[in-house]
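Structure first, then comments.
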Amino acid sequence: MSYIIYGAGGHAKVIIDILHANHEMIIGVVDDYFKAKEFKGIPVLGKSEDIKRIVKDYPDARFLVAIGNNNIRMNIVKQLEYFNIKWGTAIHPSAIIGSEVTIGEGTVMMPNVVVNADSVIGKHTILNTATTVDHDCSIADYVHLSPGVHTAGGVSIGERTHIGIAASLIPGVHVGKDTIVGASSCVLSDLPDEIVAVGCPAKMIKNLKDKG
Ligand SMILES: CC(=O)SCCNC(=O)CCNC(=O)[C@H](O)C(C)(C)COP(=O)(O)OP(=O)(O)OC[C@H]1O[C@@H](n2cnc3c(N)ncnc32)[C@H](O)[C@@H]1OP(=O)(O)O
C-alpha cells in the first residue's frame, strides 16, 4: 500500500519510521506550515488547500493524520472525510496484538505496544511507545495513550481523552471523554468527562467545562 501523511512534526517522524519498518511506500506529506520541499526525505505534496488535487493525483493512497493533539487530529480527519479518502493504519512490527482485537482506521501503534485479547481500539487513536492495553478494554476514537501507559483489564476510555506518559489504570475503571490524565498518574476509580486529573490516586485539578 502507499501512504500520504498529514502533518510534518515529531509524531509524523515516528509514523514514517513505522511505515518504513513495514516496507510500505510513502508518497508524501501534507502540511500547512512546513516550508521545505522534503520532510525526512519524503516529498511535501502541498497544504490542506491542495487536498482535492492530491486525492485526484493519488486515488489509491491511504491517509494518516500525524497530529498528536486529539481535537486538531479529529478536525483534520473530518475535513479530509469530505474528500472520501481512504484511511490507513500504522502498526509497528514489534507491536503484539491479541486475539479478537479490533483496531479502527487511522489508528497508529508505536514500537513495543501490546494490546491483549478482546480489546477494542477506536479510529484515529494513538497507542504510543510501549503502551499496554490489557484484555477487554475499550479505547474510543481520537484517544491518545502516551508512551508507557498501562491499562489493566476491562478499562474504558472515552473519545478524545489524553492519558499522560507512564500513567496506569486499574481493572475496570472508566475515564470519560475529553479528559486529560497527567503524567505518571494512577487511576484507581472512574473519572468523568472533561476534567484534568493528576496524581496517585488521580484527582481532578481542573474542570474543562469551565473553559467557556
Ligand atoms: C511522544 C510524546 O511526547 S507524547 C506526549 C506525552 N505528554 C504527556 O504525557 C503530557 C502530560 N501532561 C501533564 O502531566 C500536565 O502536567 C497536565 C496536562 C496534567 C497539567 O498541565 P497544566 O494544565 O498546564 O497544569 P499545571 O502545569 O498548571 O499544573 C497544575 C498543578 O498540577 C500539578 N501537576 C501537573 N501535572 C501533574 C502530574 N502529572 N502529576 C502530579 N501533579 C501534577 C502541578 O505541579 C501543579 O501543582 P501546583 O498547583 O501545586 O503548583
Side-chain angles (χ1 to χ4, degrees), residues 5-22 29 31 33-34 39-40 64-77 89-95 103-104 106-115 121-133 137 139-152 155 157-170 173-212:
I5 297 171
Y6 193 111
H11 187 48
K13 292 178 185 175
V14 183
I15 290 176
I16 288 167
D17 281 355
I18 293 171
L19 294 174
H20 283 154
N22 288 332
V29 302
D31 193 284
Y33 306 102
F34 193 74
F39 176 73
K40 303 276 286 176
L64 284 166
V65 180
I67 309 273
N69 180 286
N70 295 336
N71 282 299
I72 298 173
R73 187 168 69 260
M74 182 184 75
N75 289 336
I76 292 171
V77 165
T89 55
I91 297 173
H92 192 272
S94 63
I103 300 167
T107 283
V108 298
M109 295 190 191
M110 296 350 189
N112 292 328
V113 161
V114 178
V115 183
I121 312 295
K123 298 178 189 175
H124 305 283
T125 279
I126 302 167
L127 301 192
N128 223 316
T129 314
T131 272
T132 67
V133 173
C137 287
I139 313 296
D141 301 345
Y142 307 106
V143 165
H144 180 183
L145 304 187
S146 298
V149 166
H150 298 299
T151 78
V155 166
I157 300 178
E159 285 188 9
R160 294 172 298 276
T161 281
H162 179 203
I163 310 290
I165 188 164
S168 51
L169 296 85
I170 68 164
V173 290
H174 171 72
V175 179
K177 60 184 181 178
D178 298 299
T179 277
I180 299 170
V181 173
S184 293
S185 298
C186 48
V187 180
L188 305 183
S189 55
D190 292 356
L191 296 175
D193 299 346
E194 293 185 72
I195 64 157
V196 179
V198 301
C200 190
K203 301 273 185 215
M204 182 174 89
I205 57 164
K206 287 180 191 171
N207 188 340
L208 299 173
K209 287 175 188 144
D210 298 339
K211 266 193 320 186

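Indexing begins at 1, ligand by ligand and atom by atom, following the structure's order. Below, each value reflects all heavy atoms present in this structure, side chains not excepted, and no hydrogens, waters or symmetry copies.
When only interatomic distances are considered, the shortest N/O to N/O separation between Lys206 and ligand 1 falls below 3.5 Å.
Proximity of atom 27 (O) of ligand 1 to the protein is not indicated, since no non-hydrogen protein atom lies closer than 4.0 angstrom. Within the 4.0 angstrom cut-off, atom 51 (O) of ligand 1 has no protein heavy-atom neighbours. For atom 9 (O) of ligand 1, the nearest protein heavy atom is under 4.0 Å away. For atom 3 (O) of ligand 1, the nearest protein heavy atom is 4.0 Å or more away. Within a 4.0 Å radius of atom 48 (P) of ligand 1, the protein contributes no non-hydrogen atoms. Protein heavy atoms are found inside the 4.0 Å sphere centred on atom 40 (N) of ligand 1. The protein reaches atom 23 (O) of ligand 1 closely, with a heavy atom under 4.0 angstrom from it. Protein heavy atoms come within 4.0 Å of atom 36 (N) of ligand 1.
Residue contacts with ligand 1 include His144, since one of its heavy atoms falls under 4.0 Å from the ligand.
Contact record, Ala152 with Ile170: CB-C, 3.7 Å, taken as the closest heavy-atom pair. Of all heavy-atom pairs spanning Ser185 and Ala197, the tightest one is OG-O, 4.1 Å. Taking all atoms of both residues into account, the shortest heavy-atom contact from Tyr6 to Ile67 is O-CG1, 4.1 Å. For the residue pair Phe39 and Ala12, the shortest heavy atom distance occurs at CE2-CB, 3.9 Å. The minimum heavy-atom distance between Gly122 and Thr107, with the atom names listed, is O-OG1, 2.6 Å. Closest non-hydrogen pair, Leu19 versus Thr89, comes out as CD2-O, 4.4 Å.
The nearest protein atom to atom 31 (C) of ligand 1, hydrogens excluded, is given as Ile205 CD1, 4.1 Å; this is a heavy-atom distance. Looking at atom 20 (C) of ligand 1, its nearest protein heavy atom turns out to be Val196 CG1, 4.4 Å. Scanning the protein heavy atoms around atom 42 (N) of ligand 1, the nearest turns out to be Val198 CG2, 3.6 Å. With respect to atom 7 (N) of ligand 1, the closest heavy atom belonging to the protein is His162 CE1, 3.8 Å.
Heavy-atom proximity to atom 14 (O) of ligand 1, evaluated over Ala183, Ser146, Pro147, is greatest for Ala183.
Taking every heavy atom of Gly164 and a limit of under 4.0 angstrom, the matching atoms of ligand 1 come to 9 (O). Close approach to Gly182 involves these atoms of ligand 1, each under 4.0 Å from a residue heavy atom: 14 (O), 19 (C), 39 (N). Near Ile180, meaning under 4.0 Å from one of its heavy atoms, ligand 1 places the atoms 18 (C). Atoms of ligand 1 lying under 4.0 Å from any heavy atom of Ile165, numbered from 1 in the order shown and given with element: 8 (C), 9 (O).
Residue His92 is tested with Asn112, Asp17, Ile18 for a side-chain contact (heavy atoms from CB on, under 4.5 Å); the sole match is Ile18.
Remark: Arg73 CZ to Leu64 CG distance equals 11.0 Å, nearest 0.5 Å. Taking OG1 of Thr179 as the reference point, atom NZ of Lys206 lies at 13.5 Å (rounded to 0.5 Å).
Checked by atom type, the side-chain pair Thr132/His150 shows a donor-acceptor distance below 3.5 Å.
Looking at Arg160 and Asp141, their side chains never come closer than 4.5 Å, going by heavy atoms from C-beta outward.
The aromatic rings of His144 and His11 are tilted relative to each other, their planes meeting at an angle between 30° and 60°.
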